[in-house]
Enquirer: 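Before we start, here is the structure in question, set down as structure tokens.
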Amino acid sequence: MEKYIATYYRVLEQLAREAVSGDTLRDTLGTVVKKTASAMKSSGCSVLLFDAESRRLLHAVSHGLSDWYIRKGFLDADKSLSDSLEGQVVTVLDVATDPRVQYREMAQRQGIASMVSVPLRQRGNIIGALRVYTNEQRHFSADDIAFLTAVADLTAVAVENAQLHEQVATIPRAAGDAMFSRPDALRLAQDLTRPMPFAHPSEEEFAGLLDFYKIQWMYEPRSFPLEWDGDKVKEMFTPDFYLPEVDLYVELTTMKQGLIREKNRKLRRLKELYPEINIKLLNKRDYHRLLAKYGYGPLGRAEVQKVERILLTTSEIDRRVRQLGKAISRDYTGRSPLLIGILKGVVCFMSDLMRNISLPVSVDYMAISYYGDQETESVRIIKDLDRSIAGLDVIMIEDIVDTGMTLNYLLHYLTERKPASLEVCTLLDKRVRRLVDVPLKYIGFEVPDEFVVGYGLDYDGEFRNLPFIGVITPTGFTKSTDRASTTASTRRGKKKPKKSPE
Ligand code: IMP
């Protein structure tokens, strides 16, 4: 047997063991790139993950490539060996001249002569690519490609394992999603490239804040050359963070004036050379202002401190409400539905949803209160509809369906008024607590058995104006069995009579 074949076998055996070892994904992928590069006698190897939303390929782990090459700029999935996203193996004999290579000049400077890109497949989906780089021109043989394909498959298995571990515990998910949704490449790449430890405590604090708000971030993903000496780069600038959702680079700074001056100089230069780049220099006080600007404050402090964690971010809610609006517009084509909301929790959802329905709609509201004790509790309508609904297509809009009792009562009440049709659209479905089976046609998210606030939902009248949905532990609230009474007494205004109607 050829010697290199024996090496390929041995490395595959080691990588197969590594893929199921239970090591962290960072360690496993680190081993993959190192051993693959060495088995192939190549100069470098990297695993790239595909972010479907931005259509970028993100460097997750690399071996043998310099820092500046990894941070050279984002790889556009449609420009960088794009056929490998179609599931093909792409080989490049001469990087210097092949138009399928996005950063030819940089690759040459890195000393790369040839490369090969093998897709990472996960049940029919392409989730990224495994790439191998060589310093001398090389024709990759059928054996090389068979070896790399097997490595790529093992890598995809390791990635999937890590995702399953994470996703088993991940609720909420958009209702209707498959149990395990498509990989979130950005989040994985973010975890893999998170420095351990961070270079500076302020970076760690900022990352923690972004994590709390579930704002996606990338750590030092790109270096910008600022000055050259001939064709050698003399000065570079690598901003600390990139926030892809708002397309913003962030450089953190302390209050030391000398440092600020130097950073400001670099920033000015960067803006001259790269005018399309959106970048901000932030000190600690500025973080909160920035978050406020993007809809995560001013709440900053008092209120948010009581929120244990964010369940659904503003952008996740926006995206889902848009999808629901589209589905309703499609299902009701040619009709003009009447949307009925139950005050007050529904106000944010109703106003966003109706603006995403491309049909003529009308809107009405009802308000209810609860009476009786917990055993004999009933619903009383304290604000009825303004007009008759007979013969109309009615959609009840709810903030959250918990036990289903309220909705059940209201559906009976409305059915007696003889609408042409009656359906329900709820933003949140706390399905695990359901006591009455109510038909829900449109569901935003399935949520766990926890008390949620924000985006219209309150606890004791507070938190309605949070732009996201967060989890709190109401006072006097211990385990799941107590939760019903806390939820109920809150909802029913028994804790604070002024709160009724909800
Ligand atoms: P159900 O009759 O038990 O389905 O209660 C539905 C109502 O309870 C909702 O319209 C809310 O007003 C309230 N509710 C239930 N769970 C929560 C929660 O987690 N946060 C805020 N309000 C809730």
Side-chain angles (χ1 to χ4, degrees), residues 171-172 303 306-312 317 339-350 353 365-383 395-414 424-440 442-466 468-502:
I171 330 177
E303 271 188 305
K306 294 185 220 157
V307 173
E308 282 159 26
R309 64 174 212 282
I310 302 222
L311 197 62
L312 296 163
I317 298 171
L339 312 181
I340 299 180
I342 309 301
L343 292 171
K344 301 174 188 164
V346 82
V347 287
C348 295
F349 180 41
M350 180 74 121
L353 180 69
Y365 290 96
M366 295 174 83
I368 53 172
S369 73
Y370 299 88
Y371 65 94
D373 57 28
Q374 249 161 53
E375 281 72 46
T376 61
E377 177 198 77
S378 294
V379 177
R380 177 170 29 215
I381 292 171
I382 54 171
K383 187 221 163 282
I395 311 177
M396 280 259 328
I397 312 296
E398 270 279 23
D399 47 0
I400 181 165
V401 180
D402 184 17
T403 62
M405 310 273 257
T406 314
L407 186 60
N408 187 49
Y409 172 86
L410 290 169
L411 287 176
H412 278 112
Y413 180 84
L414 294 177
V424 180
C425 172
T426 183
L427 178 66
L428 307 178
D429 177 7
K430 215 190 261 183
R431 198 170 297 177
V432 282
R433 287 189 20 101
R434 195 63 38 80
L435 296 178
V436 188
D437 189 22
V438 276
L440 304 178
Y442 304 98
I443 301 169
F445 302 93
E446 198 184 319
V447 293
D449 182 10
E450 288 181 285
F451 200 83
V452 294
V453 292
Y455 195 64
L457 291 154
D458 76 316
Y459 173 67
D460 265 356
E462 263 188 277
F463 305 108
R464 287 199 201 274
N465 63 326
L466 295 179
F468 48 77
I469 291 175
V471 171
I472 60 160
T473 302
T475 22
F477 181 105
T478 47
K479 275 251 138 294
S480 190
T481 42
D482 291 345
R483 221 162 271 197
S485 58
T486 311
T487 307
S489 62
T490 308
R491 198 187 70 205
R492 287 153 206 168
K494 284 179 189 151
K495 280 199 147 179
K496 282 201 173 175
K498 70 175 165 49
K499 188 168 173 286
S500 194
E502 193 71 26

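Atoms within each ligand, like the ligands themselves, are counted from 1 in listed order.
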Enquirer: Is Val452 in polar range of ligand 1, meaning some N or O pair under 3.5 Å apart?
Expert: yes

Enquirer: I'd like to check the side-chain hydrogen bond (donor to acceptor under 3.5 Å, both in side chains) partners of Arg434; sequence neighbours left out, ordered by chain and number.
Expert: Asp429

Enquirer: Which of the numbered atoms in ligand 1 are under 4.0 angstrom from any heavy atom belonging to Leu457?
Expert: 21 (C), 22 (N)

Enquirer: Against heavy atoms of Glu450, which atoms of ligand 1 measure under 4.0 Å?
Expert: 19 (O)

Enquirer: Ion pair present between Glu450 and Arg433, side-chain N to carboxylate O less than 4.0 angstrom?
Expert: no

Enquirer: Look at Lys430 together with Glu446 and state whether they make a salt bridge at an N to O cut-off of under 4.0 Å.
Expert: no

Enquirer: If the cut-off is 4.0 Å to any non-hydrogen atom of Thr403, which atoms of ligand 1 fall inside it?
Expert: 1 (P), 2 (O), 3 (O), 4 (O)

Enquirer: Does Tyr370 reach ligand 1 with a nitrogen or oxygen that is under 3.5 Å from one of the ligand's nitrogen or oxygen atoms?
Expert: no

Enquirer: Any idea which part of Lys430 is under 4.0 Å from ligand 1, heavy-atom wise: side chain, backbone, both or neither?
Expert: side chain

Enquirer: Can you confirm, on distance only, whether ligand 1 has an N/O atom lying under 3.5 Å from any N/O atom belonging to Asp402?
Expert: yes

Enquirer: At a 4.0 Å cut-off, with the gap strictly under it, does some heavy atom of Asp458 reach an atom of ligand 1?
Expert: yes

Enquirer: So for Gly404, does at least one of its heavy atoms come nearer than 4.0 angstrom to any atom of ligand 1?
Expert: yes

Enquirer: Judging by distance only, is a nitrogen or oxygen of Val453 under 3.5 angstrom from one on ligand 1?
Expert: no

Enquirer: Give the atoms of ligand 1, by number and element, whose distance to some non-hydrogen atom of Asp399 is under 4.0 Å.
Expert: 9 (C), 10 (O)

Enquirer: Do the ring planes of Tyr459 and Phe451 sit parallel (below 30°), tilted (30 to 60°) or perpendicular (above 60°)?
Expert: perpendicular

Enquirer: As a quick check of understanding, evaluate side chain to side chain contact (heavy atoms under 4.5 Å, CB included) for Leu427 and Ile400, giving each step before the final call.
Expert: CA-CA 6 Å; Leu427 178 66; Ile400 181 165; over 6 Å; no

Enquirer: Measuring from non-hydrogen atoms of Glu398 to any atom of ligand 1, is the shortest distance under 4.0 Å?
Expert: yes

Enquirer: Given Ile397, which partner from the list Val346, Ile340, Val424 fulfils the side-chain contact (heavy atoms from CB on, under 4.5 Å) test?
Expert: Val346

Enquirer: Under a 4.5 Å cut-off applied to non-hydrogen side-chain atoms, are Val307 and Leu466 in contact?
Expert: yes

Enquirer: Please enumerate all residues that pass side-chain contact (heavy atoms from CB on, under 4.5 Å) together with Leu435, with sequence neighbours excluded.
Expert: Thr403

